[in-house]
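Throughout, residue positions are numbered sequentially from 1 according to the sequence presented.
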Amino acid sequence: PSDELHDIFILCPDPQKFISTARLRDLAEIHECADLYYRAHWAARDARLAGQSCPLVESVPFMRRWALDWVVGLPYEWDDIPHDT
């Protein structure tokens, strides 16, 4: 792996410790997070289309939104989830 990826994962050398602290999220919390990433994705895309700079890399909120939309249960298969903003 790249040095950057290695540095991220070295912070959690024991996956069991990470797993033991995981918790189920309330559906309302997941919906709020999905909405936040929808808006962040829209802002990053809008800035790119307008030729403006944006502190967000568009792919980051895009991928998180994709995953959250899938978790929320949109009636689509993974590859068919719409990504319009």
Pick from Glu32, Arg64, Met63: which one makes a side-chain contact (heavy atoms from CB on, under 4.5 Å) with Tyr37?
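With Tyr37 as partner, side-chain contact (heavy atoms from CB on, under 4.5 Å) holds for just one option, Arg64.
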
Would you give the length of the straight line joining atom [atom1] of [X] to atom [atom2] of [Y], rounded to the nearest 0.5 angstrom?
| X | Y | atom1 | atom2 | result |
| --- | --- | --- | --- | --- |
| Leu36 | His31 | CG | NE2 | 14.5 Å |
| Asp69 | Ile30 | CG | CD1 | 12.0 Å |
| Ser59 | Arg45 | OG | CZ | 11.5 Å |

Taking the ring centre of each residue, are Trp66 and Phe62 less than 6.0 Å apart?
yes

Could you tell me whether Arg23 and Glu29 have a side-chain N and a carboxylate O separated by less than 4.0 Å?
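Salt bridge between Arg23 and Glu29, a charged N being under 4.0 Å from a carboxylate O: yes.
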
Below 3.5 Å, can you tabulate the donor-acceptor pairs from side chains in residues 48-57 to any protein atom, sequence neighbours excluded?
{"residue": "Arg48", "atom": "NE", "partner": "Glu58", "partner atom": "OE1", "Å": "2.5"}
{"residue": "Arg48", "atom": "NH2", "partner": "Glu58", "partner atom": "OE1", "Å": "3.4"}
{"residue": "Arg48", "atom": "NH2", "partner": "Glu58", "partner atom": "OE2", "Å": "3.3"}

